[in-house]
Undergrad: 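This is the structure I want to talk about, given as structure tokens.
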Amino acid sequence: MRASLPELRHTAAHVLAYAVQDLFPEAKPTIGPAIENGFYYDFDRAEPFTPHDLERLEGRMAEIVAADYKMTGREVSRDQAIASFKSNPYKAEIAREIPDGEPITLYTIGEFTDLCRGGHAESTGAVGAFKLTSVAGAYWRGDEHKPMLQRIYGTAWYDRAQLDDYLARLEEAQRRDHRKLGAELDLFSIEEDAGGGLVFWHPKGAIVREIVESFIREGLRERGYLPVVTPHVASERLYEISGHLENFAANMFGPLEVETQRFRLKPMNCPGHILIYRSRLRSYRDLPLRFSEFGTVYRFERSGVLHGLNRVRGFTQDDAHLFCTPEQLQGEFEQTLDEALRLMKAFGFAEFQYVLSTRDPKDRAETDAVAEAAIRRALERYDLPFEVDEGGGAFYGPKLDVNVRDALGRPWQLGTVQVDFVLPERFELKYRGADGADHRPVMIHRALAGSLERLFGNLVEHYGGAFPAWLAPVQAVVTPISEHQVPYAREVAARLIGAGFRAEVDESNEKLGYKIRHWKTQKVPYILVAGKQEVADGTVNVNARGSDEKRTISVGAFLEELRARVEAKE
RNA sequence: GCCGUCGUAGCUUAGUGGUAAAGCACCUCUUUGGUAAAGAGGAGAGCACGGGUUCAAUCCCCGUCGACGGCUCCA
């Protein structure tokens, strides 16, 4: 029977470890699983593996694959396992920790035996085509207090054609990288003189952001959200009450000392919104109360984790906090999820990953069960498949995240909806009930696009920089064939701009072919060519992105076409 | 922050122990051209920054900063 791809890749990991054992006997193998598209194996070795080492390893691996060693497994006792790995503390540690009752197995190919739970191809020859791709540091068991190991990444497939295809896809993905397109399309930059993780939105990026913002605002208005605006810095006192200093300090910028007070850049918008809630007596008749803000927050991220627009130190959330009665919780949560799905659909994302993160077990309270149940019910109502991340929730409660993938397949969290019984308690929030007594409201924290920066980065990659007409920074460029048509081109552009569209005129002293090429690489949806004929007829020749068809139509007809496309958000 | 790789004009890259080359972009001129690059000329980097070795360093060594790929963490 043919091995599955994960089996093949897992086998490739063993082959790699075998090759390492042969060429670098001092390296201690630790763990080496199959992953999406390939495999990795972590080794403990003092010397770093160099790119040249990888080539040598690939050569040895090819021999091991060609030898087609049979993968043979045998079950051993815990003591035997520990004894056979007495020079490898990592393997011994794993052997010690395998739960009682679970079999402990050793697998051998040729001269290499590994502690492994199984799931391999029958022999090494099954590894049709592979390539070692990179080496990276990785902590033993993902714990930064434990030793750093060297992780060798590889990709493996049934055959050469599949491998080549995968490598080609990788290259294409790199062409779509938002950091690359961001520079090419003049959308944004991150400036060394300002510091990493701080985004400068250029005009063409900022206009897209404005469009995104107004689209989101429309949804907020329809769903009864009220706008609020809160300061970017606040006294430390606020974050003592909220618990951020206690639970989130590692992600906060340090204190700003002014006169006798210490201030902090805000890491989250919730405390500010809570202060507004608390500023007056609230009645059950006021609830649910939904405060929304495009709130810019600052979080300290360690330098090594910054990544384009996806991991930054200052970002703007499409944030909102809903204050409701416990009875309203379910309905509010579902309404929020509904809006999240609507947004993502409008932005053209199709594949999502839903992750329910529960609260850290050390903080769990009985209300968490209520919160989690609300989230699970909502997921069921919408029939959404989801994963569970135990303990991955916010410090104040469990949450539901909506993730998308970037061009290279890395998942990024965009939307998040969180249920919170804790902050209302810490801030002693209340509302006057129908019974005349005070009650504690429940909060929902929600950012549906997540951060505008990350959303934008993912949009750029999703569209490969070719924004649909409703989002494109420049929707149409009027391109005169010679300078004689410049006045007409300006008139046409003025009409478009007057109708609310984003248009430019290309007045450069270049031939038409050059201009077309320029605007094609800028991925503008419409290039409107104006020559002698068009001027005489009051028309434009439409060169639409993604189509070879050229049409000469009246300016009015083009306006209608553009209007229709923008309204349809195509 | 940690491990690894990298750092030459705005961008992409070449290059050498004896003060750096090209294409694109930019500017000027010629050209007024019909759907992915017209022609010519010009300007632009002392080779990320700081030390060291050397008669001499962009090239060798050390440190710092930054970027990239991961680890950890999160929108």
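Every value quoted in this text rests on a predicted model; they were computed, and no experiment measured them. Keep in mind that the numbers below use all heavy atoms, side chains included, and drop hydrogens, waters and symmetry copies. We name chains A, B, ... by the order of the sequence lines, and we start the count at 1 in each one.
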Undergrad: Mind checking which stems touch RNA chain B? I mean at least 3 consecutive Watson-Crick or G-U pairs, both distances under 3.5 Å.
TA: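 As far as RNA chain B goes, consecutive pairing (with distances under 3.5 Å) yields the stems B:1-7 with B:65-71, B:10-13 with B:21-24, B:26-30 with B:38-42, B:48-52 with B:60-64.
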Undergrad: Within the side chain of A:His178, is there an N or O that forms a donor-acceptor pair under 3.5 Å with the backbone of A:Leu309?
TA: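 Yes.
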Undergrad: Say whether A:Thr30 and A:Lys91, considering side chains only, have a donor N or O and an acceptor N or O under 3.5 Å apart.
TA: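 No donor-acceptor contact under 3.5 Å links the two side chains.
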Undergrad: Quick one: is B:A67 close enough that its OP1 or OP2 comes under 4.0 Å of any side-chain N or O from A:His307?
TA: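 No, outside the criterion.
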Undergrad: What about A:Arg299: does its side chain form a donor-acceptor pair under 3.5 Å with the base of B:C74?
TA: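 No pair found.
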Undergrad: Can you check the distance between B:A14 and B:G69, where both ends of the measurement are the C1' atom (answer in whole Å)?
TA: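 Pairwise C1' distance, B:A14 against B:G69, rounds to 25 Å.
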Undergrad: Go through the N and O atoms of the side chain of A:Arg151 and the base of B:C3, and report whether any donor-acceptor pair is under 3.5 Å.
TA: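 Side chain to base: no pair below 3.5 Å.
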Undergrad: If the P atom of B:A38 is compared with that of B:C24, how far apart are they to the nearest Å?
TA: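 Those two atoms are separated by 11 Å.
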Undergrad: Considering only nitrogen or oxygen atoms on both sides, find all protein atoms under 3.5 Å from nucleotides 10-13 of chain B and state each distance.
TA:
none

Undergrad: Here's one to test your reading of the geometry: is the NZ or CZ of A:Arg209 within 45 degrees of the ring axis of A:Trp201 and under 6.0 Å from its centre?
TA: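 Yes - A:Arg209 lies over the ring of A:Trp201, closer than 6.0 Å to its centre and within 45° of its axis.
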Undergrad: Determine the Euclidean distance between corresponding C1' atoms of B:U13 and B:G50; express it in Å to zero decimal places.
TA: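 Here B:G50 and B:U13 have their C1' atoms 27 Å from each other.
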Undergrad: For A:Leu448, does its backbone N or O pair with a side-chain atom of A:Asp318 as donor and acceptor, under 3.5 Å?
TA: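 Here the side-chain-to-backbone pair exists.
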Undergrad: Is any side-chain N or O of A:Glu301 under 3.5 Å from a base N or O of B:A75, one able to act as donor and the other as acceptor?
TA: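 It does, because a donor-acceptor pair links the side chain of A:Glu301 to the base of B:A75 below 3.5 Å.
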Undergrad: Does the ring of A:Trp412 lie flat against the base of B:A75, closer than 5.5 Å centre to centre with planes under 30°?
TA: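 Not stacked: fails the 5.5 Å / 30° test.
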Undergrad: B:C71 and B:C55: how far apart are their P atoms, nearest whole angstrom?
TA: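 One P to the other, the span is 48 Å.
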Undergrad: Could you give the distance separating B:G44 and B:A9 at their P atoms, to the nearest angstrom?
TA: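 Taking atom P in both B:A9 and B:G44, they lie 15 Å apart.
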Undergrad: Strictly below 4.0 Å: does A:Arg410 bring a side-chain N or O up to OP1 or OP2 of B:G70?
TA: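 A:Arg410 to B:G70 OP1/OP2: side-chain N or O found under 4.0 Å.
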Undergrad: Could you tell me whether A:Glu561 and A:Arg565 have a side-chain N and a carboxylate O separated by less than 4.0 Å?
TA: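 Judged by the 4.0 Å cut-off on N to carboxylate O distance, A:Glu561 and A:Arg565 do not form a salt bridge.
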Undergrad: Could you work out the separation of B:A45 and B:C2 based on their C1' atoms and round it to a whole Å?
TA: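 Approximately 34 Å lies between the C1' atom of B:A45 and that of B:C2.
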Undergrad: Determine whether a donor-acceptor pair (N or O, by modelled atom type, separation under 3.5 Å) exists between the side chain of A:Gln475 and the backbone of A:Ala469.
TA: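 The answer is yes, because a donor-acceptor pair under 3.5 Å joins these two groups.
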Undergrad: Please determine if A:Arg9 forms a cation-pi arrangement with A:Trp157, meaning its NZ or CZ atom is less than 6.0 Å from the six-membered ring centre and no more than 45° off the ring axis.
TA: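 Judged by the rule (NZ or CZ under 6.0 Å from the ring centre, within 45° of its axis), A:Arg9 counts as positioned above A:Trp157.
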Undergrad: If we count only N and O atoms by modelled type, under 3.5 Å, do the side chains of A:Tyr396 and A:Gln418 hold a donor and an acceptor together?
TA: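 Judged by distance alone, the side chains do pair up.
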Undergrad: Take A:Thr539 and A:Val555 through the side-chain contact (heavy atoms from CB on, under 4.5 Å) test and state the conclusion after the steps.
TA: CA-CA 5 Å; A:Thr539 54; A:Val555 177; over 6 Å; no
Undergrad: Where along nucleotides 33-44 of chain B does protein come under 4.0 Å, by heavy atom, of base (B) or sugar-phosphate alone (S), with - for untouched nucleotides?
TA: BBBBBB------
Undergrad: Between B:A75 and A:Gln413, is there an OP1 or OP2 to side-chain N/O distance shorter than 4.0 Å?
TA: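 For B:A75, OP1/OP2 do have a side-chain N/O of A:Gln413 under 4.0 Å.
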Undergrad: Are A:Thr479 and A:Asp506 linked by a side-chain donor-acceptor pair shorter than 3.5 Å?
TA: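 Absent: no donor and acceptor within the cut-off.
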Undergrad: Do A:Arg313 and A:Phe315 meet the cation-pi criteria used here (NZ or CZ under 6.0 Å from the six-membered ring centre, within 45° of the axis)?
TA: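 Because its charged atom misses either the 6.0 Å distance or the 45° angle limit, A:Arg313 does not stack over A:Phe315.
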Undergrad: Could a donor-acceptor pair under 3.5 angstrom be found where the side chain of A:Tyr139 meets the base of B:G1?
TA: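 Present.
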